[in-house]
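Inspection log for the structure reproduced underneath, given as structure tokens.
Only a predicted model underlies this, so the values are computations on that prediction, with no experimental measurement involved. First listed ligand is number 1; within each ligand, the first listed atom is number 1.
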Amino acid sequence: MNPSYLYHAFGVRHQECTKTEYKGNQNIHYIQTRKDELCCPECKSRKIIRSGSIYRDIRSVPVGHRETILRMKVQRIECKSCGCIRQEKIHFVTGKRSYTNKFARYVVDLSRIGTIKDVALFLNISWDTVKDIQKRYLQRHYGNPDLSKLEYIGIDEFAVRKGHVYKTIVADLLTGQVVYVGDGKGADALEKFWKKARKAKAAIKAVATDLSAAFISSVRENAPDATLVFDHFHVVKLMNDTLDKLRRLAYNQEADLMKRKVLKGTRWLLLCNGADIYDSCHRNRLENALEMNAPLMKGYYLKESLREIWMQVTKEQAQQVLMNWVEQAQDSKVPLLQKFAMTLMAHRSGILSWYDHHISTGKLEGINNKIKTMKRQAYGYRDEKFFELKILSLHDKTYAFVG
Ligand SMILES: [Zn+2]
């Protein structure tokens, strides 16, 4: 076989083909290193003695819909210069792998148009081989994200398996790229991230998180110069939870069966944005429920006015709105609302700092949804590291693997 064909088709540069067999669906090329290319794998000396050889089968890219096997005669070499006795080095294979580097690249290319299962079936190799090739590729390209230019980050956690295993992710809010995936939740899960960020000399300006005490103390301790911004969707969600507790309380305290029924059916109406309820029948039902229970009514109107905090022109105005809100909640004499007012007060600087940096964890919600889809596609990713690498590569749509 033409040496230049051997090189261009299979990436084999220093070998010659001595024979080709066609068996079943396979083209088997017998190759061996050209005499003038043989040297000591340690010191590159040409003063060597060949002492035996073995054959090794190496998969390469298919030709004409047939599998290609390179049956390589691997020389055992005794070096007269450095005295070592070793097998020759094969340049087109990495380590002890049973396929060429070119084959691995081919698998990577196919992975962009088919799932791991598709690619494995198409090439007649195992699922694990395709996965390992993908994994190494992802590690090389996404395994160590550059943290040196990080300025705005968002931190969030999500459950990998319902309620059991947690992961904490850190995303670059400017690019939408996940830059870190930590095991577990809370401050411990972030430790490695801070270590890497310090090493990269990242100058983080602001961090968006929910109101979790663990995240807050972790940020304060490790990035004292960064501004904490509490994500406003999380604050609103917390208020919605409070309102729902009020509704359940009202329901449990109500003796009248008809009234109970009305309260039971208003959960969604209470929680959705009041301005979005156009249906007059829905409006009536909501008003009926609110009239039945004073604490619920107070809670509802406070919930509706909460978002005003983020609708002001200046931070000072927003602070005034927040303080008024807290005062009204305290005046309501409803313990659940008073408790929420305390939470708001305790976190007010992080809530108002939204006016300094308009950031939120909204991007992380989007990332979480993508991760959910990914898990459904591929049996929940039993290989944790592989799963992590897939998350780190999520932002790169042009190179995304199918499954
Ligand atoms: Zn040597």
Side-chain angles (χ1 to χ4, degrees), residues 1-23 26-63 66-111 119-120 123-146 196 199-200 383 385-386 389:
M1 188 189 292
N2 184 329
S4 107
Y5 179 72
L6 209 53
Y7 172 61
H8 289 289
F10 308 119
V12 172
R13 192 193 287 266
H14 307 292
Q15 284 71 24
E16 58 194 354
C17 180
T18 54
K19 181 169 80 170
T20 298
E21 281 176 2
Y22 304 98
K23 274 190 184 160
Q26 292 182 331
N27 301 337
I28 306 167
H29 303 298
Y30 286 76
I31 59 170
Q32 60 188 39
T33 305
R34 289 195 302 273
K35 260 187 205 148
D36 56 320
E37 295 283 357
L38 270 180
C39 66
C40 166
E42 281 295 316
C43 72
K44 307 276 177 277
S45 164
R46 303 259 173 196
K47 287 189 196 157
I48 50 162
I49 301 170
R50 285 180 286 168
S51 61
S53 62
I54 52 151
Y55 278 102
R56 186 171 150 193
D57 279 3
I58 303 159
R59 269 297 287 274
S60 192
V61 290
V63 172
R66 295 162 65 84
E67 289 175 16
T68 299
I69 307 284
L70 301 175
R71 187 157 290 166
M72 167 96 183
K73 187 179 184 182
V74 186
Q75 279 295 339
R76 193 160 166 267
I77 286 169
E78 265 185 65
C79 177
K80 290 194 143 185
S81 303
C82 72
C84 81
I85 304 173
R86 295 189 55 181
Q87 271 186 2
E88 65 170 306
K89 190 166 166 36
I90 311 172
H91 295 273
F92 54 89
V93 180
T94 305
K96 295 274 171 219
R97 279 166 213 158
S98 59
Y99 46 84
T100 65
N101 296 332
K102 201 143 180 158
F103 184 78
R105 243 173 58 203
Y106 187 62
V107 168
V108 165
D109 286 345
L110 286 175
S111 297
V119 177
L123 294 174
N124 189 28
I125 52 179
S126 74
W127 191 94
D128 286 309
T129 304
V130 179
K131 191 207 76 179
D132 286 345
I133 291 172
Q134 284 194 2
K135 188 175 170 181
R136 272 192 298 273
Y137 175 86
L138 292 171
Q139 175 62 42
R140 207 164 50 240
H141 289 84
Y142 305 102
N144 289 302
D146 175 19
K196 284 181 181 181
K199 211 171 153 197
D383 182 336
K385 184 70 191 167
F386 185 51
L389 287 166

ask   = If the Zn ion (ligand 1) is the vertex, what is the angle to SG of C82 and SG of C43, rounded to 10 degrees?
value = 120°

ask   = At the Zn ion (ligand 1), what's the angle from C79 SG to C40 SG, rounded to 10 degrees?
value =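 Seen from the Zn ion (ligand 1), SG and SG are separated by roughly 110°.
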
ask   = C79 versus C43: any side-chain heavy-atom pair under 4.5 Å?
value = yes

With Y30, the side-chain contact (heavy atoms from CB on, under 4.5 Å) member among K73, E21, M72 =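 Per the side-chain contact (heavy atoms from CB on, under 4.5 Å) rule, the option paired with Y30 is E21, out of K73, E21, M72.
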
inquiry  = With a 3.5 Å distance limit and no angle check, can you tell me whether R59 reaches the backbone of L123 through a side-chain donor-acceptor pair?
reply    = yes

inquiry  = Can you classify the ring geometry of H29 versus F10 as parallel (below 30°), tilted (30 to 60°) or perpendicular (above 60°)?
reply    = tilted

query = So, is C84 placed with an N/O/S atom under 2.8 Å from the Zn ion (ligand 1), counting both backbone and side chain?
reply =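 Coordinating: no.
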
